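For reference, the structure discussed in these notes is given below.
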Amino acid sequence: MTGPRLAILAAQNEPARAAQEALAARYGATPPDQAEVIVALGGDGFMLETLHRFLGRGIPVYGMNRGSVGFLMNDYREDTLPERIAAAQAATLHPLRMVAQANGAAPVEALAINEVSLLRESRQAAKIRILVDDKERVAELICDGVLVATPAGSTAYNLSAHGPIIPLGANLLPLTPISAFRPRRWRGALLPSDAVVVFEILERDKRPVAAVADYTEVRDVARVEVREARDVTLTLLFDPDHGLSDRIIAEQFTV
């Protein structure tokens, strides 16, 4: 069958490069700016790189695992690639938009597909005030950091910080503290996806904090605003028996 025009991209490892050569020889390779589908070969890190690279292009991405974790990837097989892509189910994602204000500098805006995290820069614990939709919710969080994750990113750093896993389509964002000291019993919150979260850094000369949105880091921040970027849409393609929604649900039963 005649399939879509494919751009085949690979991570910088031998299995991915070998797979790229084999698939290009079999199905042809189209330059990314002329492709209808991007085939990403690697692990989850390479998938995030690929999604960032093609943000705003509207090109769906079909990943196959030639890396380590591969949570966002399909199984690798050389056979019937056009048929698999034709039968794939689409998962639509919206990243987070971070606007970080550092001391005396212009605001920095960045998009995060996994999470926006605030992290202490020194031996001193951070002190952070948290507002949600202009209402103070935590007057002073003493912690190593705090993060807001997307549903797709809720199984990444958020889960490692003991945050909840959020199914796709739940219209929720997890707000999760990282090693909170005070309030000691606060475990975070689930917020509606249209919430606007503002972090204000307290005692920032003594307790500097960095803000990180996937690959963008801003140091010595004073104020960070996070909201879902509804104007930006990402489309990932998954085999019908290996959909992202089902994987996120299944992850909650993994022990």
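Model, not experiment: these values are computed from the prediction.
- Listed for the Asn158 side chain is a donor-acceptor partner under 3.5 Å among the backbone atoms of Pro164.
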| request: For side-chain contact (heavy atoms from CB on, under 4.5 Å), just list the numbers for Leu234 and Ile113, CA-CA rounded to whole Å, side-chain angles, deciding distance to a tenth of an Å, and then say yes or no. | output: CA-CA 9 Å; Leu234 306 168; Ile113 296 166; 3.7 Å; yes

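- Counting all heavy atoms, side chain and backbone alike, Val221 lies closest to Val218 at CG1-O, 3.4 Å.
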Full working for side-chain contact (heavy atoms from CB on, under 4.5 Å) between Thr30 and Leu6 = CA-CA 5 Å; Thr30 301; Leu6 306 179; 5.6 Å; no

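- The closest donor-acceptor contact from the side chain of Ser154 to the backbone of Ile166 lies under 3.5 Å.
- With Tyr27 contributing its side chain and Thr80 its backbone, the two residues share a donor-acceptor pair below 3.5 Å.
- Looking only at distances, no side-chain donor or acceptor of Asn74 sits under 3.5 Å from a matching main-chain atom of Met64.
- In terms of modelled atom types and a separation under 3.5 Å, the side chain of Asp44 and the main chain of Phe71 share a donor-acceptor contact.
- Between the side chain of Arg77 and the main chain of Asp79, no donor-acceptor pair closer than 3.5 Å is present.
- Side-chain N or O atoms of Arg182 include none that pairs as donor or acceptor with a backbone N or O of Ile142 at under 3.5 Å.
- Of all the heavy atoms in Pro240 and Ala87, the pair that sits closest is CG-O, 3.3 Å.
- Of the possible polar contacts, one joining the Glu36 side chain to the Arg5 backbone as a donor-acceptor pair under 3.5 Å is found.
- Linking Ile, Leu, Val, Met, Phe, Trp and Tyr residues whenever their side-chain heavy atoms come within less than 4.5 Å places Val226 and Val146 in a single cluster.
- Inspection of the Gln20 and Arg66 side chains reveals no N or O donor paired with an N or O acceptor under 3.5 Å.
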Checking Phe253 against Ile165 for the side-chain contact (heavy atoms from CB on, under 4.5 Å) test, could you report, in this order, the C-alpha distance in whole Å, the side-chain angles of both residues, the deciding distance, and whether it holds?
CA-CA 10 Å; Phe253 297 91; Ile165 295 174; over 6 Å; no

Criterion side-chain contact (heavy atoms from CB on, under 4.5 Å) on Tyr62 and Asp239, from CA distance to verdict:
CA-CA 9 Å; Tyr62 181 89; Asp239 294 332; 2.7 Å; yes

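- Side-chain atoms of Glu121 come within 3.5 Å of backbone N or O of Asp220 as a donor-acceptor pair.
- Side-chain N or O atoms of Arg230 include none that pairs as donor or acceptor with a backbone N or O of Arg227 at under 3.5 Å.
- Contact between Thr216 and Val108 at its shortest, heavy atoms only, is CG2-CG1, 4.3 Å.
- For the side-chain contact (heavy atoms from CB on, under 4.5 Å) criterion with Cys143, the lone passing option out of Val209, Ile128, Ile178 is Ile128.
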